[in-house]
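Contents: one structure, followed by commentary.
Everything quoted here is computed from the prediction, not taken from an experiment. Residue numbers begin at 1 in each chain, while the letters A, B, ... track the order of the sequences.
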There are 2 protein chains.
Amino acid sequence: MTEAAEAGRDTEAVSRFVESFAAQLVEAGMQRMAARVFAALLASEEGVMTSAELGEQLQISPAAVSGAVRYLAQTHMVSREREPGSRRERYRVHGDQWYEALTNREAVIKRWEVALREGVASLGPNTKAGRRMAETLAFFEFIDAEVAAMMERWKRHREERFGGSE
Amino acid sequence: MTEAAEAGRDTEAVSRFVESFAAQLVEAGMQRMAARVFAALLASEEGVMTSAELGEQLQISPAAVSGAVRYLAQTHMVSREREPGSRRERYRVHGDQWYEALTNREAVIKRWEVALREGVASLGPNTKAGRRMAETLAFFEFIDAEVAAMMERWKRHREERFGGSE
DNA sequence: CCTTAACTTCACAAATTTCTGAAAGAAGCG
DNA sequence: CGCTTCTTTCAGAAATTTGTGAAGTTAAGG
């Protein structure tokens with residue numbers, strides 16, 4: 001993005017949004033640098049930024065960018081692209097990816113389910129505690145199935161409202 | 001709970017479950033002591049424990065119990081009861097409460113929505129970035145509505161499978 | 001191949017968080 | 001009312017987490 005193209009943006013306002021949205025993400029449990037990088041990408045005009053751009057906007061070291069991006073890529077909230085014919089890397093938020101990442105809380109839920117199954121087994125399925133845990137387990141299993149269906153509905157809803165892809 | 005009633009439980013196995021489930025909760029972002037206390041309550045036969053019992057099982061100070069319980073009560077994952085005619089307090093997991101607490105991620109989502117609306121305003125709704133954020137906002141609004149409906153379906157499902165209330 | 005630009009890894013300093021012991025604060029019970 | 005038992009608050013020690021600079025690694029481009 002050229003400086004001319006950048007000119008239309010209220011840098012101050014963007015930065016305020018980035019920091020306030022990042023703060024919300026942090027409060028919800030995300031690492032701080034990851035949250036700030038994500039918010040910056042979300043607010044960038046094209047949804048794409050280079051490592052250098054991120055470092056400059058957020059005033060953080062290359063190392064911090066590297067760490068944040070690794071986390072975001074692992075959790076599928078951001079994808080990395082190699083600018084062809086350059087060792088510069090670019091990071092991108094894809095609308096859909098980010099929704100699906102939220103869905104990936106499924107992975108977390110799966111591990112809870114495993115732990116709960118072991119718990120039911122240890123406590124015995126006919127104890128009160130065992131039954132309580134079995135019910136909790138059933139809840140998570142229910143949620144699992146429902147979330148998948150919900151994402152389907154969202155995709156349809158989105159098509160209607162926003163038209164084609166991204 | 002008397003020692004005799006306690007006798008049937010494999011203390012070792014229970015403790016293993018408590019610690020492993022708590023670890024999962026921590027990984028998902030919950031404070032450690034809160035997670036351990038919650039897991040202990042979940043695994044307790046009656047779903048109720050006193051501060052002293054918690055302190056002893058988890059090997060933590062009264063202060064730590066106090067802090068954990070405050071957090072859990074604030075987030076509605078546990079309720080506090082005063083044992084009538086005693087200054088001893090008892091903490092309880094209610095099946096339903098705990099499900100609804102998960103739903104209370106709604107509160108978090110609401111705050112994200114506020115931040116995103118400001119973002120759309122700052123960036124301008126006709127910029128690419130503004131549109132991207134508007135779509136993200138729409139996603140959360142959609143989720144909000146869906147989660148409420150999902151909890152309704154769960155309650156019905158639960159009735160069928162487990163019968164009456166807790 | 002060698003140079004150089006870019007990203008990553010690592011060890012450490014700084015900041016933050018977490019848990020504790022001790023003291024203070026409630027509330028039952030005589 | 002005051003004693004006693006339980007819970008909460010608070011200040012600080014300990015542990016953990018976080019972000020940096022610097023060295024290391026990779027790959028483009030001459």
Side-chain angles (χ1 to χ4, degrees), chain A residues 1 15 18-19 22-41 44 48-75 77-93, chain B residues 1 15 18-19 22-41 44 48-75 77-93:
Chain A
M1 175 175 303
S15 175
V18 167
E19 295 308 329
Q24 297 299 330
L25 294 174
V26 167
E27 204 158 329
M30 196 185 296
Q31 300 170 4
R32 181 176 343 182
M33 287 298 129
R36 296 180 70 210
V37 165
F38 182 74
L41 281 167
S44 70
V48 180
M49 293 177 81
T50 65
S51 177
E53 286 166 351
L54 286 165
E56 200 208 352
Q57 172 169 352
L58 302 173
Q59 287 296 303
I60 59 182
S61 71
V65 174
S66 175
V69 157
R70 179 173 19 159
Y71 172 84
L72 291 170
Q74 268 172 3
T75 57
M77 298 188 64
V78 156
S79 64
R80 354 169 48 125
E81 324 178 329
R82 210 38 167 286
E83 221 168 318
S86 161
R87 53 251 90 132
R88 203 171 251 150
E89 210 150 11
R90 306 190 325 179
Y91 309 111
R92 154 167 278 138
V93 260
Chain B
M1 176 175 302
S15 176
V18 167
E19 296 306 330
Q24 297 299 330
L25 293 174
V26 168
E27 205 157 329
M30 196 185 295
Q31 299 169 4
R32 180 172 347 178
M33 287 297 129
R36 296 180 70 209
V37 165
F38 181 74
L41 280 167
S44 71
V48 180
M49 294 176 81
T50 66
S51 177
E53 286 166 350
L54 285 165
E56 200 208 351
Q57 171 170 351
L58 302 174
Q59 288 296 302
I60 60 181
S61 71
V65 175
S66 174
V69 157
R70 180 176 14 158
Y71 172 83
L72 290 169
Q74 269 172 4
T75 56
M77 298 189 63
V78 156
S79 63
R80 355 170 46 125
E81 324 179 327
R82 211 36 167 286
E83 222 168 318
S86 159
R87 53 251 86 130
R88 201 170 252 152
E89 209 149 12
R90 306 189 326 177
Y91 309 110
R92 154 167 278 140
V93 259

Do A:Tyr91 and A:Leu72 pass the side chain to side chain contact (heavy atoms under 4.5 Å, CB included) test, and can you show the C-alpha distance, the side-chain angles, and the key distance before you say yes or no? CA-CA 10 Å; A:Tyr91 309 111; A:Leu72 291 170; over 6 Å; no

State, to 0.1 Å, how close B:Leu41 and B:Val93 come at their nearest heavy-atom pair, and which atoms those are. O-CG2, 3.7 Å

In whole angstroms, how far is the P atom of D:dT8 from the CZ atom of B:Arg70? 8 Å

Across the strands shown, which category fits B:Glu89 at heavy-atom distances under 4.0 angstrom: base, sugar-phosphate, nothing? sugar-phosphate

Return yes if some donor-acceptor pair links the side-chain N/O of B:Arg88 with the main-chain N/O of B:Thr50 below 3.5 Å, else return no. no

Closest-nucleotide mapping onto DNA chain D: is A:Met33 or B:Arg32 further toward the 5' terminus? I mean the 5' end. B:Arg32

Atom CZ of B:Arg90 and atom P of D:dT7 are separated, to the nearest Å, by 12 Å

Between OH of B:Tyr71 and C1' of D:dT9 the distance, given in whole Å, is 20 Å

Should the pair A:Arg80-A:Glu89 be classified as a salt bridge under the 4.0 Å nitrogen-to-oxygen rule? yes

Nearest-angstrom distance from the residue atom CG of A:Leu58 to C1' of D:dG19: 13 Å

Decide if atom CZ of A:Arg32 counts as having more than 12 heavy atoms of other residues, nucleotides or ligands within a radius under 6.0 Å. no

Where do N or O atoms of nucleotides 28-30 of chain D meet protein N or O atoms at under 3.5 Å, pair by pair?
unit_1, atom_1, unit_2, atom_2, d
D:dG29, OP1, A:Gly85, O, 2.9

Interatomic distance where CG belongs to B:Leu54 and C1' belongs to D:dC6 [whole Å]: 14 Å

Between which nucleotides of DNA chain C, read 5' to 3', does contact with chain B run, using atoms under 4.0 Å from its heavy atoms? C:dC19 to C:dC29

By nearest-nucleotide position on DNA chain C, the 5'-leaning member of A:Ser66 and B:Gln59 is A:Ser66

Begin from the C-alpha positions of B:Val18 and B:Leu58 and carry the test side chain to side chain contact (heavy atoms under 4.5 Å, CB included) through to its verdict. CA-CA 9 Å; B:Val18 167; B:Leu58 302 174; 4.1 Å; yes

Hey, could you give me the CD/OG distance between B:Glu56 and B:Ser51, rounded to the nearest 0.5 Å? 12.0 Å

Counting only heavy atoms not in A:Glu81 (residues, nucleotides, ligands), do more than 12 fall under 6.0 Å from its CD? yes

For A:Leu54 against A:Met49, the heavy-atom pair lying closest together: CD2-SD, 3.6 Å

Should A:Arg82 and A:Arg87 be marked as a side chain to side chain contact (heavy atoms under 4.5 Å, CB included) after you check the CA-CA gap, both sets of side-chain angles, and the distance that decides it? CA-CA 7 Å; A:Arg82 210 38 167 286; A:Arg87 53 251 90 132; 4.0 Å; yes

Verdict with reasoning, A:Tyr71 to A:Met30, per side chain to side chain contact (heavy atoms under 4.5 Å, CB included): CA-CA 10 Å; A:Tyr71 172 84; A:Met30 196 185 296; 4.0 Å; yes

Compute the angle between the rotation axes at the two ends of the helix from C:dC1-D:dG30 to C:dG30-D:dC1, each taken over five pairs, rounded to 10 degrees. 20°

Atom CD of B:Glu56 and atom P of D:dC6 are separated, to the nearest Å, by 14 Å

Could you tell me whether A:Arg80 contacts a base, only the sugar-phosphate backbone, or nothing, with contacts defined as non-hydrogen atoms closer than 4.0 Å? sugar-phosphate

